[in-house]
> 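A single structure is presented below for examination.
Residue numbering restarts at 1 for every chain, and letters A, B, ... go by the order of the sequence lines. This one's a predicted model, so the numbers in the text were calculated from it and none came from an experiment.
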Amino acid sequence: MIVEIGHYALILALALAVLQSVLPVWGARTGDAGLMATAGPTALGQFFFAGVSFAALTWAHVVSDFSVVNVVENSHSLKPMIYKVSGVWGNHEGSMLLWVTTLALFGALVAGFGRNLPAVLKADVLGVQAWVAVAFYLFVLLTSNPFLRLPIPPIEGRDLNPILQDPGLAIHPPLLYLGYVGFSIAFAFAVAALMEGRIDAAWARWVRPWTLAAWVFLTLGIAMGSYWAYYELGWGGWWFWDPVENASLMPWLAGTALLHSAIVMEKRDALKIWTILLAVLAFSLSLLGTFLVRSGVLTSVHAFATDPTRGVFILAILVTFIGGSLSLFAARAPGLAKGGLFAPISREGALVFNNLFLTSATAAVFVGTLYPLMLEAATGAKISVGAPFFDATFGPLMVPLLFAVPLGPFLAWKRGDLLAVAERLAVAFGLAFAGGLLAWWLTRGGPILAPLGVALALWLIFGALAEVVSRVKLFSEAPKTSFTRAVGLPRSVWGTMLAHLGVGVTLLGIVAESAWKIEDIRVMRPGETARLSRFEVIFDGVATRSGPNFVETATRFRVIEPSGRVTVMEPSKRVFRARQMPTTETAIATFDGVSQLYMAVGEIQPDGGVAMRMYWKPLVLSIWIGCLIMAIGGTVSLTDRRLRIGAPRPSRVPRAGDAAPTPAE
Amino acid sequence: MLIWAVFAAMTAAAVTIPLVPLARRRLAGGAVTEAGDVAVYRDQLAEVDRDVAEGRLAASEGEAARAEIARRLLRAARRGEATAEPATLRRRRLLSVGVAVVAVPLIALGVYSRLGHPELHDRPLAARLAAPPERLSMDELVARVEGRLASQPDDARGWELIAPLYLRMGRTGDAVAAFRHAIRLSGPNEARLNGLGEALTAEAGGKVDADAKSTFEASLALSPKGVLPRMYLALERAQAGRLDEAVEAWRALVASGRPNDPWMPVARAELAKVEAAAAGRPPPVDADAAATPGPTAAEVDAAAELSAEDRAAMIDAMVARLDERLRRDGGSVDDWARLVRSLRTVGKADAAADALARARSAHAGDPKALARLDALIGGR
């Protein structure tokens, strides 16, 4: 009965979403507060029923109810409990149910926390959100229903795809979906603003936290997915420019741009139309990502859904929402009031620069991801666009952007002084330059661009720190004064500092990993020794072990450092019983806090020889540590509930009509 | 019935949700207010004051910010308020209430009646396995015993119970191991030895190998009149090419049995086969049986030794297995025809018609195959 209740609850959620998509919007158009007030309760109710539905499916997975097709196809009674639960979203139907539940969650959050929101805006936002929800409820119910039943249940399930039985993949999809779906709020706000035909401070004030929250989750989700690919797939890489990865990177880039332009809008009432467009784009790219992954148009390690009818359905959703919102934008945007004015060298100017490069980078990734698909659809030719394309397009776009990052926060609103900023950043620049020189000296004969990359990363790190140092007057005032100033500093400043610093840390890891990694692929026999960087690696032998739902062939290695310290590493291959599918379990040991030794087993030969892939990856962990710092920065900034007004520093003695900011409209 | 009560309660709750605000907002207060916007700006003003007071904002900056907010505040306050005729409002409210009350149950029941299965109960695995044994299917029984044997590998009764089940399910390797465990724990007897012999034969693809042969001989030593070991030993002689010995063995078997013994037809058929082979004639062929892989000899033999109910259960299981395989992997026209005929034989006319429909759709593009299908199942 619980399963059927879950099914019925999902349908009730659809019914409530239909009401929510009509009544509040009607109320907003006719000015009826009663109708508009239905938005909040229906959004909460919709989330309640979607939650009941999700809980019911989870229950079916946990108790191995094999009368549910979805459980049969993706679960196994012997699977560890964590993967019984994560198996709920480790498959197409369940993950789409998670998608709509997350959508309903965001709607409920807007309903719950949106007390301060103008009634019309709230009604429209929740109405637009419900349009998206209705489309996806129908998609789930009609093409991807997780509640299909079997009258005669089999006794055992077919197990979850073994490469998905991993803690990383257990939390990766929910994080990613919180990110993707979080942008639906920004989208709903943008469409609501276009429908109302006006946009003001309240708009940006409300969009910023949602965008920031979505961005934090997306950052964590992408980092998690990248780390998962790194240790689970056994190829030693951490980013493959796989279309599925790109599908999550595009909304992230657009979302990052949106975050920055929303700051301008909130503080200075400028860049309004552009911000609206970015909000529409960020969610459109999220939808595109869902389409790419869920329709099966790609065939890659990630794409575990293959069914053309689903593809066509999502494509229809995609066309309707992207086409509809862009048409609305084209019709209404010219009528929106223009924002404030500013000089090219100013905080706003820096943020526009940021937006230009981020959107260009998004476009580069977009082309690289979709061009092969278009070409295949048009001519049938299969080409693959890999790292070289992205290195040649994405890379050069990132360098000037990253170089400019430390400058932005130092520039004043409205009109800035680049020379003064350069003066204050001189120390950070000097430190970065010295760091680059040191890197060059330490790695003479290595890749020539790598020390420059290190210098750029250090420039980002020191530049970010410099802003806080200068704000609290760390070295120019007494430590006590600095401390008081640091405590009083707005949390958004700390957030900016952390996020920018995180970018630098990630870049440092990327540069070090790609320039100085050492790779050794060889066949080893028991007792043999290999040297890798400073390590001596001794192969002890192979043993067979048995896990809950797999059989494992584990190799044992001793890694000896010059200091004599010994680390045991046991990379293995697993064969999962239900699917008879092998997976590679890499062994990874961390040294010096951020560098890793990475071992993966290849072919095991009959004579006891084992084909080994061994990598020494200096500073590789800082790639993900940086992402974590960025996410922490976002969270810190999110806790800053201040309302923001861009107050320009008066450049001269105030005169009437001059000291006040230029009227915004 | 309970489930419909729950659905009714859920539907009622869902309908009430949008009704509450519709009913609560008085018609008079139905106009839009821009209070939200104004509130945001008032908050901002208060905050600027706070920031200036606490030194986070320079006084001049605070002044500039206040001027900016005041300008935006004025704009927000200027925006007009929409009003509507009470009569229009009332009509709109009633219409909305009507939509909510009608649409929610209509959508919910409409969609659910197409997709849902209210008649199906939850079947959590643990509860299924905890049911009384006579209500378990063979698969469930096996899973339950396996669960116990995993924790108590020396449970002789468990192995005794599961071994023949494995054999019937075609898990011959598991059956061999299970019979060996049972013999190790409880000692050899006729049934265990026969089972092991059959399992070994099935594992070897129907060939009575040296292991199976010695097992059947051991069984015969315990009970010299055993029919099953004698049949297998006769089979072994034929397989080894000692045809005269085989003819002799089968003749002895046929002579020892009564005409209505269930194994008699098999023995007679085998005798005819080996006699033909010994005389150098082609074996007499039952065209039907040869065309499709039927039950193994071991299965036929097992059926012979079973009670009537068990035999029916075994046939059901075999038909179900064929059905499942065809559903999953598809199959030849002959396989489908066999399924249809089997289902008709056991009296499941509906299932047979369904299987026939699936067979037709599986071979829809091939008129020759369809003709053959009709020929094989002998019309409708």
> Checking A:Asn70 against A:Leu148 for the side-chain contact (heavy atoms from CB on, under 4.5 Å) test, could you report, in this order, the C-alpha distance in whole Å, the side-chain angles of both residues, the deciding distance, and whether it holds?
CA-CA 7 Å; A:Asn70 188 256; A:Leu148 298 182; over 6 Å; no

> Side chain, backbone, both or neither: which part of A:Phe49 has an atom under 4.5 Å from a heavy atom of chain B?
side chain

> What part of B:Arg128 gets closer than 4.5 Å to chain A, counting heavy atoms only: side chain, backbone, both or neither?
side chain

> Between A:Asn145 and A:Val140, is there a side-chain heavy-atom distance shorter than 4.5 Å?
no

> What part of A:Phe147 gets closer than 4.5 Å to chain B, counting heavy atoms only: side chain, backbone, both or neither?
neither

> Given that the side chain runs from C-beta out, which part of B:Val104 has a heavy atom under 4.5 Å from chain A: side chain, backbone, both or neither?
both

> Closer than 3.5 angstrom, by distance alone: can the side chain of B:Arg123 be matched with the main-chain N or O of A:Phe66 as a donor-acceptor pair?
no

> Please state whether the side chain, the backbone, both or neither of A:Ala60 comes within less than 4.5 Å of a heavy atom of chain B.
neither

> If we define contacts as heavy-atom pairs under 4.5 Å, which of A:Ala15, A:Gly45, A:Ala39 has the most with chain B?
A:Ala15

> Describe, in one word, how the ring planes of B:Phe7 and B:Tyr112 are oriented to each other, choosing from parallel (under 30°), tilted (30 to 60°) and perpendicular (over 60°).
perpendicular

> Between A:Ile5 and chain B, with a heavy-atom cut-off of 4.5 Å, which part of the residue counts as in contact: side chain, backbone, both or neither?
both

> In terms of heavy-atom proximity below 4.5 Å to chain B, should A:Leu150 be classed as side chain, backbone, both, or neither?
backbone

> Side chain, backbone, both or neither: which part of A:Val18 has an atom under 4.5 Å from a heavy atom of chain B?
side chain

> Name the region of B:His121, side chain, backbone, both or neither, that has any atom closer than 4.5 Å to a heavy atom of chain A.
backbone

> Give, as side chain, backbone, both or neither, the part of A:Leu19 having an atom under 4.5 angstrom from any heavy atom of chain B.
side chain

> Whether A:Arg29 and A:Asp124 form a salt bridge (side-chain N of Lys/Arg under 4.0 Å from carboxylate O of Asp/Glu) is what I want to check.
yes

> Begin with the C-alpha distance, continue with both residues' side-chain angles, and end with the deciding distance and a verdict on salt bridge (charged side-chain N to carboxylate O under 4.0 Å, His left out) for B:Arg66 and B:Asp49.
CA-CA 9 Å; B:Arg66 223 173 280 143; B:Asp49 290 343; 3.0 Å; yes

> Tell me, please, which residues at least two apart from A:Arg149 pass salt bridge (Lys or Arg N to Asp or Glu O under 4.0 Å).
A:Glu4

